[in-house]
Amino acid sequence: MRLSRFFLPVLKETPAEAQIVSHRLMLRAGMIRQEAAGIYAWLPLGFKVLKKIEQIVREEQDRAGAIELLMPTLQLADLWRESGRYDDYGQEMLRITDRHERELLYGPTNEEMITEIFRSYVRSYKDLPKNLYHIQWKFRDEQRPRFGVMRGREFLMKDAYSFDVDEAAGRHSYNQMFVAYLRTFARMGLKAIPMRAETGPIGGDLSHELIVLAETGESVVYCDKNVLDLPIPGEDTDYQSDLSGIVEQWSSIYACTEDVHEQARYEAEVKPENRLETRGIEVGQVFFFGDKYSKPMKAVVAGPDGVERPVQMGSYGVGVSRLVAAIIEASHDDNGIIWPESVAPFGVTILSLKPGDAEVDLACETAYEALTKAGREPLYDDRDERAGGKFATADLIGMPWQLIVGPKGIANGEVELKNRKTGDRQTLSLPDALKALGA
RNA sequence: CGGAGUGUGGCUCAGUCUGGUAGAGCACUGCGUUCGGGACGCAGGGGUCGCAGGUUCGAAUCCUGCCACUCCGACCA
């Protein structure tokens, strides 16, 4: 992409309403625009990142055996009356009436709908287990939206729902998602720690929140430093095998949010030098809640004995849009965002320090073509801007690699390759620089 | 939902107390000089001062009502 043709409305000054660093940087980098309280338009740069994150979530869900579908944003109120949650949800639920006076709601989650879909088709234990997920926009009419997309009213979420014949099988499904989440967040460059959690209004007795450690996070967390060094399950993990060892390994080390923190247990289990009290952002949550929805909604299957019983369910959420902000909270500096390569909107930016100079143009075009062919998604800053502005923009928007092409270097047959994260600069020939970038 | 604020050009803000022809910086347009870490000069364009009433010769400014947004708390993927 040539920057001269892209839509990147960066701001030099920080809009007054933004309090936390990710919100400020997302506005300054031209990633989002607020349309109403807690409702944002995703501008091209932000949308690219959102899509990258969504795709990683999707790949890891698929790998773990979950099946993607897509449910609508609008749901019938009657469906929620079946589970009894229509009234429980209160003002957070956005209620809508259509022209026929039919009561609808903009879905804040999809337990009811997926249960309705499931019960319509599945009758036998032979059809189990199943894990269905979708990635869809949700709406919760928060009393007080804040922190940009971190706590918006409209948000993109991946939610998966598992269906099993009994509790043991249900726990296996839970473990599969637990492991998938470890992999998902690690791929985005995040340290996300599963922490024992309260089950909240959704109910059930087994739940973990996945918390990204970030000084600017909303919740206070307490954990054993050893949890940071646990290995992430590899790509070759067999999701059909018994995963309880991995789950046990992670959940045996103390890690709790403020809500369920027990100081006495913490002091007993964690050596003073290993105690880590910091802040974190919840980016995912896994629940096993048994028959909470299947029982009232009559989602039953016949077992091997011919007796019908409610299916055992779990639900597994990932805040996809929130993750954009969480990654920034965890990875930025005074100059701007530092994208991990896996979610960067572009792989590398080519900074032409003197557009119009024949030699510089030639080198940039050569690099642009080669990097495009190599699938590195280059962003070519071909604007007629001063060098300082280009450096500042590239840093602000977090480009992981900057290929700097200026007349002085080109005269010596050299370009510079800068790593955003470390700040390291190497002076190389153009072919060597391209080779270093995999082109 | 309790409490506290703020609405003035695309952005950051001054002006409001004490009513008298709407300002600055950034951004934008043109010209010139600059040109490896957000340059400089000159000349321009752009605002029903959140909305609706009211007071007044005259309202961004005073009064009333409404709306939106933000912050603190409670709540929350």
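Convention: sequence-line order gives letters A, B, ...; per-chain numbering from 1.
With hydrogens and angles left out, the side chain of A:R146 and the base of B:rG73 share no donor-acceptor pair within 3.5 Å. Evaluation of atom-type donor-acceptor distances gives no pair under 3.5 Å for the side chain of A:K12 against the base of B:rG25. Between the side chain of A:R151 and the base of B:rC75, a donor-acceptor pair under 3.5 Å is found. One N or O donor and one acceptor, one from the side chain of A:E13 and one from the base of B:rG25, sit under 3.5 Å apart. For A:N335 and B:rG37, a side-chain-to-base donor-acceptor distance below 3.5 Å is absent, hydrogens and geometry of angles not being considered. Judged by distance alone with a 3.5 Å cut-off, no donor-acceptor contact links the side chain of A:R383 to the base of B:rG38.
Atom CD in A:Q143 sits about 13 Å away from atom P in B:rA77, given to the nearest Å. Atom-to-atom, CZ of A:F139 to C1' of B:rC76 comes out at 14 Å; the value is rounded to the nearest Å.
A 4.5 Å side-chain heavy-atom check between A:L45 and A:I397 finds at least one atom pair inside the cut-off.
Although no hydrogens or angles enter the test, the distance criterion places a donor-acceptor pair under 3.5 Å between the side chain of A:D382 and the main chain of A:S4.
Figure legend. B:rG73 is base-paired to B:rC1; pairs are counted as Watson-Crick or G-U wobble with both atom distances under 3.5 Å. Across every strand in view, B:rC11 sits in a pair with B:rG25 that passes the Watson-Crick or G-U test at under 3.5 angstrom. Nucleotide B:rA68: paired with B:rU6 (Watson-Crick or G-U wobble, both distances less than 3.5 Å).
A donor atom on one side chain and an acceptor atom on the other are not found under 3.5 Å apart for A:Y239 and A:H172.
Checking A:E282 against A:A37, the closest nucleotide of RNA chain B that is more toward the 5' end is the one next to A:A37. If you find the closest nucleotide of RNA chain B to A:R144 and to A:G319, the one lying nearer the 5' end belongs to A:R144.
Using a 4.0 Å heavy-atom criterion, one finds that A:Q19 contacts the sugar-phosphate atoms exclusively. Across all strands shown, A:G317 has no heavy atoms under 4.0 Å from either base or sugar-phosphate atoms.
Ion pair A:R58/A:E68 flagged as a salt bridge, since at least one NZ, NE, NH1 or NH2 atom sits closer than 4.0 Å to an Asp/Glu carboxylate oxygen.
Checking B:rC11, B:rG38, B:rA77 against every side-chain atom of A:A392, the shortest atom distance belongs to B:rG38.
Applying the side-chain contact (heavy atoms from CB on, under 4.5 Å) test to A:R119 and every residue at least two apart in sequence or in another chain returns A:E82, A:E116, A:M297, A:A299.
Distances shorter than 4.0 Å separate some side-chain N or O of A:R386 from OP1 or OP2 on B:rA39. For the OP1/OP2 pair of B:rU70 and a distance below 4.0 Å, the side-chain nitrogens and oxygens of A:Q34 include at least one atom meeting the criterion.
Atom name P, nucleotides B:rC17 and B:rA60: the rounded distance is 12 Å, in whole Å.
The ring of A:F155 lies on top of the base of B:rA77, close enough and flat enough: under 5.5 Å between centres, under 30° between planes.
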